[in-house]
Amino acid sequence: MWLYAAALVGLCYLLRWYREKQVVSHLRDKYVFITGCDSGFGHLLARQLDLRGLRVLAACLTEKGAQQLRDQTSDRLETVILDVTKTESISAATQWVKERVGDGGLWGLVNNAGISIPTAPNEWLTKHDFMKILDVNLLGLLEVTLSLLSLVRKARGRVVNVSSVVGRVSLLGGGYCISKYGVEAFSDSLRRELSYFGVKVALIEPGFFKTNVTSPEKISRAIQEAWDRVSPEVKEIYGEKFLASGGGTHSDEIHGFNLEMTWEWWRVKESVEKLGSQCYNSLYLVTNCMEHALTACHPRTRYSPGWDAKLLFIPMSYMPTWLVDAMVYWRSPRPIKAL
């Protein structure tokens, strides 16, 4: 019986591999619009798709970022300045895209733009701190998508939204996890609605990779700024040790990935400083998933690049709440006045 079961599983994986290897035709005629191309995943994806022959429309926040991208790509790639928090900027970029794609529509929309700070324990933050992240990661993504949806539907194309493993398991305070949970919910509803029109929606849920989002310097500075603003009462409850606590470490090696980072994230400032060396350096693991979502005839609904995502965070998202809480408490610093 086990032999039959193994054969069936093997056959399923073989069929899946065959389906996922089939590539969309006429890629050189297809336009893809990508947000957040100044650096990180967006910058690399724009270069990668340009080499593949697609017509890339890259949105950058700054002219400097746009110029750097143009210097590294072919003449086919075009750039536009876009601030996803401003309606007028989104409207101008939408009109710019319409003029370029014409009647063929927009094959791919990649919502990649995102920020991760201010990040700190929730009680240290203000409503403005939460809104700063939500405006970019969630509300900006929503408005860009809604503005370009008619063009994507016309091409029967793809929407690729960049979420995160923390859109599955909330590991830190602030607006980042909230925004990614929102991206997950929006993508699920959008996928079901657009399936009637032949449009496919994919979610990218990376683990921890070395980008501006995981910059130790920026995160550490944001935590310190939040701490400096909190009331004396809150400082007394948490204590200075909570801010700079070291604690123990937990380290396992899985396929070359050091899982120490996963737990060290909770060592607050001291651990944030180690984050850069413990994140994945190979951004291609993420951009290859994005490329597959845009070019495969049968893309996946969700992609989870990174062994930390596959072997830790995704399984955690299916565990009982009490068990996940226990895992988090196990490696979390305790406020000085904790019960």
Side-chain angles (χ1 to χ4, degrees), residues 6 9-10 12-14 16-17 19-21 39-45 48 110 112 114 116 119 160-172 176-177 180-181 183-184 187 202-216 219 247-267 271-296 299-321 323-332:
V9 171
C12 289
Y13 272 97
L14 184 62
R16 179 184 179 182
W17 174 84
R19 278 171 55 86
E20 292 189 347
K21 282 294 182 182
S39 62
F41 300 139
H43 183 88
L44 181 58
L45 179 65
Q48 196 168 322
V110 182
N112 166 74
S116 61
T119 291
V160 180
N161 291 331
V162 179
S163 179
S164 168
V165 289
V166 297
R168 295 278 202 116
V169 183
S170 188
L171 296 176
L172 59 155
Y176 190 71
C177 293
K180 295 306 182 182
Y181 268 78
V183 170
E184 295 271 339
S187 300
L203 268 165
I204 312 294
E205 302 171 325
F208 287 89
F209 284 81
K210 196 169 185 177
T211 67
N212 284 335
V213 169
T214 55
S215 167
I219 296 173
T249 63
H250 176 77
S251 179
D252 290 303
E253 197 78 22
I254 298 178
H255 291 272
F257 177 72
N258 187 355
L259 284 186
E260 181 179 3
M261 179 280 298
T262 306
W263 300 117
E264 282 295 317
W265 176 263
W266 289 96
R267 301 281 77 78
S271 305
V272 165
E273 293 169 4
K274 301 177 184 178
L275 186 61
S277 63
Q278 296 169 338
C279 290
Y280 276 112
N281 287 312
S282 179
L283 304 189
Y284 283 104
L285 293 173
V286 177
T287 57
N288 286 345
C289 292
M290 294 174 170
E291 181 180 344
H292 186 271
L294 291 165
T295 61
R300 299 181 187 180
T301 300
R302 281 177 164 81
Y303 297 82
S304 302
W307 286 111
D308 57 337
K310 291 179 176 67
L311 299 182
L312 182 65
F313 294 116
I314 300 302
M316 281 177 70
S317 70
Y318 291 102
M319 292 178 186
T321 302
L323 181 56
V324 177
D325 288 350
M327 293 170 69
V328 172
Y329 289 147
W330 179 41
R331 289 294 173 180
S332 296

Taken to the nearest 0.5 Å, the spacing of S39 OG from L283 CG works out to 9.5 Å
With rounding to the nearest 0.5 angstrom, report the OG1 to CG distance, T287 to L44. 4.0 Å
Contact check, side chains of [X] and [Y], non-hydrogen atoms, under 4.5 Å:
X: I204; Y: V110; answer: no
X: L171; Y: F313; answer: yes
X: K180; Y: V165; answer: no
X: M290; Y: Q48; answer: no

Which heavy-atom pair separates [X] from [Y] by the least distance, and what is that distance?
X: P305; Y: L285; value: CB-O, 3.4 Å
X: Y303; Y: A202; value: CE1-CB, 4.1 Å
X: E184; Y: S164; value: OE2-O, 4.1 Å
X: A309; Y: E205; value: CB-O, 4.1 Å
X: N112; Y: V162; value: CA-CG2, 3.8 Å

Matching residue for C177 among T119, V169, V166 - test: side-chain contact (heavy atoms from CB on, under 4.5 Å):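 Running side-chain contact (heavy atoms from CB on, under 4.5 Å) over T119, V169, V166 with C177 returns exactly one hit, V166.
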Can you name the one residue among V183, T301, V160 that meets side-chain contact (heavy atoms from CB on, under 4.5 Å) with L203?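 In the set V183, T301, V160, the residue that makes a side-chain contact (heavy atoms from CB on, under 4.5 Å) with L203 is V183.
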Could you pull out all residues at least two apart from Y181 that satisfy side chain to side chain contact (heavy atoms under 4.5 Å, CB included)? S170
Derivation and outcome, side-chain contact (heavy atoms from CB on, under 4.5 Å), residues Y318 and R168: CA-CA 9 Å; Y318 291 102; R168 295 278 202 116; 3.6 Å; yes
